[in-house]
Structure formats: C-alpha cells, structure tokens
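These numbers come from a predicted model, not from an experiment. Within every chain, numbering begins at 1; the chains are lettered A, B, ... in the order of the sequence lines, protein sequences first and strands thereafter.
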There are 2 protein chains.
Amino acid sequence: MATLKQVAALAKVPLLTAYHALSGAADVPPAQRESVRAAAEQLGYSLNVTIKDVAALAEVSIATVSYVLNDSAPVSAATRHRVLEAAAALNYRPNVNGRILQANKTRLIGYGWHNLKRGHSAPFLERFAYWMAQAVESYGYHVLTFAHSADSPTDAYRELIQTNRVDGFILSHTNRNDPRIRYLLEARVPFVAFGRANDRWDFPYVDVDGREGVRLVAEHLIGLGHTRLALIGWPEGSLSGDARVQGYFDALDAAAISPQTGWIKRAENSAAAAAAAAADLLEMPLATRPTAILCVSDLMAVGVINHLNRCGVQVGYDIAVSGFDDDPIAELIQPSLTTLRQPVDDLAAQVVALLMAELERIPAPQRQILVAPQLIVRASTAPQRQFP
Amino acid sequence: MATLKQVAALAKVPLLTAYHALSGAADVPPAQRESVRAAAEQLGYSLNVTIKDVAALAEVSIATVSYVLNDSAPVSAATRHRVLEAAAALNYRPNVNGRILQANKTRLIGYGWHNLKRGHSAPFLERFAYWMAQAVESYGYHVLTFAHSADSPTDAYRELIQTNRVDGFILSHTNRNDPRIRYLLEARVPFVAFGRANDRWDFPYVDVDGREGVRLVAEHLIGLGHTRLALIGWPEGSLSGDARVQGYFDALDAAAISPQTGWIKRAENSAAAAAAAAADLLEMPLATRPTAILCVSDLMAVGVINHLNRCGVQVGYDIAVSGFDDDPIAELIQPSLTTLRQPVDDLAAQVVALLMAELERIPAPQRQILVAPQLIVRASTAPQRQFP
DNA sequence: CAAAGCAAATGAAACGTTTCAACGAGTGAG
DNA sequence: CTCACTCGTTGAAACGTTTCATTTGCTTTG
C-alpha cells in the first residue's frame, strides 16, 4: 500500500492538500481534488493516516513522531510543536494493532458470560458489566466478552490466552473449587475473581461480605424487638451461602439469643423452594413461631412474601421478612423488601484495581477484599408491632 | 527476541527437545533441561511458539506453514502432514495480533453499555449480551464492550473506529434520531441496531414487533370476552411506544370495537406512574369501566397490579392486566403476569447474521427485520369471570 | 531434445507501531 | 584546538502473520 506522501507526489500537490482532498476535511479546488483522487486510484490507495504520514508532513523521522506522541524520549520544543501540528492537521490516531503486536499487550480483559437459566438471571451482573467496562477504560483497557458453556468453561479461557487475545481475565459467578481458577492459577495468567473459590487457593478476589450483611440485617431485626428469628439459607456447601448463615449466628450470639432447632431452613435458590420452607415455619405453634424470616436472596424472600400474603399473614406486621441483593423486584413487591445492596460500582472498581496490579506483576498488598453490603430498610421489616 | 531454533542450537539439542524442556509438556533428561534453560536464559528467550518454530521443525518455509494451516494454497500431502505434525508437537496456536495487523481486521465487534438508572435496568439486556457473544463467536468474532456516557455517546464509537479497535458495532437501546446511528452511517462503519431510529434513515436493524405483540395480547383478551380494554402507554413520540399503541388499535378495529375516550392513558415507564394511571381508570363508572388493562411494559403492569391489589380489586378476576417483556418479575408477582416474551436468542442471532453481511459489504437482501414476540398467558388474564 | 507448462515451495515484503543502537552537531573542559 | 560528552534525531529492526512474486524441479509436448 502506498503512503499519502506518494499520492501527493504523484498528484503534484502538498501532502496536506492531498489529505484534505481525500478526507473532505477542508475545501480543495476541484481540479486538485480530482488529480489527487486519480493519483490515489492509480496507486490503489485508500485514506489511512499513519505515523509515516505525520512524519512526512512534519519532516521528521517516524521515531521522532513516536517519541513526541508517547513522550518517551526528549525532543526539542520546536520539533515537538511541528509534530503535534502535523498530527492534528491530519487528524492522526494511532492504530492500536501496530502497538499491540509490538508490545505483545492487547490491553483487553476477558470476561465470560454464563448462560443463566431463565429466572436465575442476575440483573446485578448487567450493571457489574457496565461498571467493569467503565473502570477498565480508565486504565486504557477494554473488556472482551465471550460466552462459555457450563460444562467445559476452561476451554474458552485457554483459547483466548493461547492466541494472545487478552492480557487477563475477570471472573464472576465463581464456584467452590472453580476449574477456571485452577486453570488460570496454573497457567499463571493474571486474573481477579469477583467471588471466592475455597480457602486453600491463594488468588486475588473481591467479594461481598455476606456474613457481615446478614449480621447487619439480623441486628436490625433484633433492634426492632424480634427475638425469634428464622433463616432460610441455601443447601450447605456453597461458600457464600455458608458465610451468610454465619452472619446470622454472629448476630444472635451478640444478642445472647440461642438459635432454636427448626429456625434454620435450607432451600434451593428459588421462590417456590423458599415458599415451601416458609410454610414449614408457619406450622410452628404461635408462641414459639419466628417473628422474622431472613432469606439469603431476594428471590427467596419474594417467594416467602407471596406465600405469607396468600396465607393472610401480614408481612411487616405479623412477620418481618428480609432478602439479599437489592434486586429491582425488592422495590416493586408488596410490601417492599428490606434487603442488602451490593455496591456494584465500588465492587467493579476494586476488582479492576486489583487486576491492574496483577497485570503489572506487582501484586497489591491486599489481594483479598471483602466489601460490606448496605442495609436497605423497607416495609417488610417495618416496626409496626410490639412483639411478645 | 530469539527463536526456539536458536535456543536449541545453542543448547545443542533438537528443537523439539528444547520445546519439551521449556514447556514441561514431556520429560527431558535433567542435564539437557538445564542446558536448554541456560541457553534460553542467555538469549533472553521466553517460550513463545510462533509460525517460525513450526516451520523450522517441519523444515519448510513459514509461507508453507501458513498455507497449510489456512488451507489457502495447494500443498503436497507429505509436507502438509509434516507441518501438521510439527504444529501439533509444539502445540502451536497462531497469534491473532499478527493476523490482525496484516489483515487490518480485528474480528472484534463493539457493543456499548449505557448507564441505566437503578430500577430501569433491563435484565433482558444481560441475556442479549450473552446470546450476542455466543452468536458472534460462531463466526470467529468476539465482542468488545465499552461504557459510554449518555450525553456524548458518539465519542466512544469514533475513538474505537479511528484506532482500529473494532470492525463494526451492535447498538442496543436505540432512540429516535439516535446520534450514534447518524454518526455510523456518515462514517460508513458497519453496524446493526437492535431497535429502530426513524423512518428516514436506511440502516440494518432488528426489532421486536411491538405492534404485533400488543395486537396479540389484545386479541387474546377480546377472545376471553373482554370488550372494554384500556391501554397504558408511554408518552407519545417514542418509536416503539407508538408502535405498541398501534397494535392495540389493530386488534380493536378487527373486533369492531371502537376505543372510547379515557381508555388510553399515557405514563412514564415506571410502576408509580402506571399506578396513577390505573387509579384514573378505576374512577370511571362501573358500567363503562374497562375490564382489562394493557400495559406496554412489565414494570408498568406491576405498578398497576399492586395498585389494584391495594384497592381490593381482584386482578385476573375483576380486571385483567397484561405487560410486555416477560421480565423475571412477571412470574413472581401475585397474580403472575400475562405478557409478551422477546425471543432473545433469536433476536441476537439475527442481529449478528445481519452484521456479518454488512462486514462483508454484501448487504443482506432483507436489512430490516421485525420479530414477533410470544404471548405468555398467566394468571393476570385468567378467564375466571363472565364479563357483562 | 529443447521448450513450455505446471505444481509445489520459498524469499521477501507488508501491515503500523515502538525502541535500540548509532550518528551528527553543538558545547564545555582541558 | 581537540577531545569527550550530551542532546536531539534517525535508520533499521522487531513483533507474528499473510501473500505476492519468484524460483525450483518435474513432466509433458511439439
């Protein structure tokens, strides 16, 4: 491919004129415009301003242009000025791909999407993706998203690394002993997880402090006078699930309440399963029946509220209910749901900050970060009644 | 940077042995391993298999390797076999960045995130992002996501194009006269919109057929015996909003029902605004009061249902309610909500198929596609009562 | 038997950048 | 006046591919 300079030479016009003729950025006499067009045609040139063109216009070497634009070597004020003028006149923008090849850094961060089943979708993650993109851009990076299957997730990660498509990864929706984390650790690929995997592996992560969150809401309920608190958690074994249960015990311990058998239920993360658990709780004798039900997700809390509504139990008055996540539904359900909000923007920013340190291979002093969620009090735990 | 061949020569071992020593892919006698390590160290070489290494091992030129791997020129069976063996033995994966620079094609599609206000988030878009990534990958592309501000969105698009970061774009959340579309058309950048902009511009898009959707649900209600149907739409002026209203008229016309004044309300896309509109409707005299309320979004329908519940009106029995979107909340609210589901996977696949045609610069015959949503009947329009 | 033709393989250029090593022109010290 | 330095600048190499133009070694044909 020819350069702009050659086109200009062939058309016997100044370089800048050739640029204007082809770009339309400024007016050029029709005769000249035509001859430039013809010259470009003849050379098979299509407008594409490179560092060479800037160098030609500024009458310096391309090395000098590079030094000026990256401020990576001393350049005299006069030349610097000429170069900047030329770059501006030609509206020059460096081609990132040239850079990438030379530096062997793509400035791209991989982020994999799962295929969430209907109803299990997390609106939360869409916002996370936004804030992540935003945070990453402030460091001059971009996010490359890809889809991966649930059964062999590592394949997609391996492929992206081996073909040099990305510099690192951000993982979300981590599982216990997540195979992706195992692979990335072994392959020594920079990454940060949004979520934990197990206690043995040492890797950088940011997670919501579910334990502290549930403790907060339990404390809030105890403060309202509740003394019989039930908890509907996930089946034992999930990292974040067990942490949340722990927060419940923390609060009860602190208030010197001893948890009764039957107050703790386990259910899958669905409205229906939680409703069934709530039904069990309702069957307890009124005198010992819990007056508050803590749920480890908003989805479950919604199931509980719907069930209580159907049974004629007044939620927020007869029985308080709380959730976790601050899903949009929390504001929309009747009564509106007390819950814990995860500070998405903050989480994303911290994940990205950690990742940048990993990419520089200078690990941050604190590579494991827990962020406390914020208690959002709504009608489902309104202090409307004195509990016996 | 040195090549694997040079390292092997310096360590006086075969190329493949050098590879094994450095990669650990196969066992190598400790003595040899050490001398290879030392040689690599001395040359400042870190393991990175390129086409040159494959060529060296197969004892052919790099051109031949390229031809074999891309099947882009005739190669004798014997050499082809040698090359494939060598590539496999070295676990060679082409570096995409070399390709990108040479072809000036990044095989990256840009997709911009908006910052949606809390409560206005669309869980739908998260799933769209997943299916889009999936579809794009089946063509060997990836999605580059970026965040852009609401006030000057085109800047981000321009930057990505001018620096050659992406080959094209997918837009979602399009507005009437969307400035992004105006820019991309003018800059002649390949893109496809998920949503329309206005009737004047000719560009490829895929959109949900809101008109047909609302017609479907109205038809369904009329089939149940309803004759007085109200509609709560968005303020006039939005493209998709107006289309949905049109579907309502279509169905009423077909059933020879003439819409009464007062049946049509306009409200912002929020639960509260829709509830207020529903309150107005409730004040109409019982004899002429609508028996069904169609809403142009699930969010609005939820506001309406909550309001009716509060007023003691039995939704699905006294008054039917419908929404649009099939948000997860539709299944969770009481009663569950009849609505229109957008076939996300299908929409994403069609958007991507269109984009691929645009990228090849051979525009598809049909560049504007409307996809009909699917009617999902739930309890909020149950046929429980004979309407007068 | 020479010329022509063909298939297979190769050397080298190109894509756009950064950066190393080298160079020339001043400047200050001896 | 010369030598050694510094500062500013430059040519060229390198990153990993693809692909053009050419060469090599055969086979066929007149």
Interatomic distance where CZ belongs to Arg107(A) and P belongs to dT18(C) [whole Å]: 12 Å
Residues two or more places apart in sequence or in another chain: which of them pass ring-ring contact (aromatic ring centres under 6.0 Å, His included) with Trp113(A)? Tyr111(A)
List for me each residue that meets side chain to side chain donor-acceptor pair (under 3.5 Å) alongside Ser76(A), sequence neighbours excluded, and say none if there are none. Thr79(A)
Side chain to side chain donor-acceptor pair (under 3.5 Å) partners for Asn95(B), two or more places apart: Asn97(B)
Indicate yes or no for a side-chain donor-acceptor contact from Ser23(B) to the backbone of Tyr19(B) under 3.5 Å, with no hydrogens or angles considered. yes
For nucleotides 10-12 of chain C, print each protein N/O atom paired with a nucleotide N/O atom at under 3.5 Å, atom names and distance only.
from, atom 1, to, atom 2, distance (Å)
dT10(C), OP2, Ser61(B), N, 2.9
dT10(C), OP2, Ser61(B), OG, 3.3
dT10(C), OP2, Thr64(B), OG1, 2.8

Any residue meeting ring-ring contact (aromatic ring centres under 6.0 Å, His included) with His20(A), in chain and number order, not counting sequence neighbours: none
Quick one: side chain to side chain contact (heavy atoms under 4.5 Å, CB included) partners of Lys12(A), sequence neighbours excluded? none
Which residue pairs pass the salt bridge (charged side-chain N to carboxylate O under 4.0 Å, His left out) test with at least one member in residues 82-99 of chain B, sequence neighbours excluded? Glu159(A)-Arg93(B)
Sorted by number, residues from residues 83-95 of chain B placing a heavy atom under 4.0 Å from DNA chain D are Tyr92(B), Arg93(B), Pro94(B), Asn95(B)
So, does Glu137(B) use its side chain to make a donor-acceptor pair with the main chain of Ala147(A) at under 3.5 Å? yes
Mind checking if Ser76(B) touches a base, just sugar-phosphate, or nothing, with heavy atoms under 4.0 Å? sugar-phosphate
Ranking Pro74(B) and Val65(A) by the position along DNA chain C of their nearest nucleotide, the one closer to 5' is Pro74(B)
Under the ring-ring contact (aromatic ring centres under 6.0 Å, His included) test, which residues partner Tyr183(A), sequence neighbours left out? none
Picking from dT19(C), dA9(C), dG16(D), which would you name as closest to the side chain of Gln102(A)? dT19(C)
Angle separating the five-pair end axes of the helix from dC1(C)-dG30(D) to dG30(C)-dC1(D), nearest 10°, is 70°
Under 4.0 Å between a side-chain N or O of Asn70(A) and OP1 or OP2 of dT18(C)? yes
Contact class for Asn48(A) (heavy atom, under 4.0 Å): base, sugar-phosphate, or nothing? sugar-phosphate
Asn164(B): partners by side chain to side chain donor-acceptor pair (under 3.5 Å), with sequence neighbours left out: none
The criterion is ring-ring contact (aromatic ring centres under 6.0 Å, His included); which residues satisfy it with Tyr205(B), sequence neighbours excluded? Phe203(B)
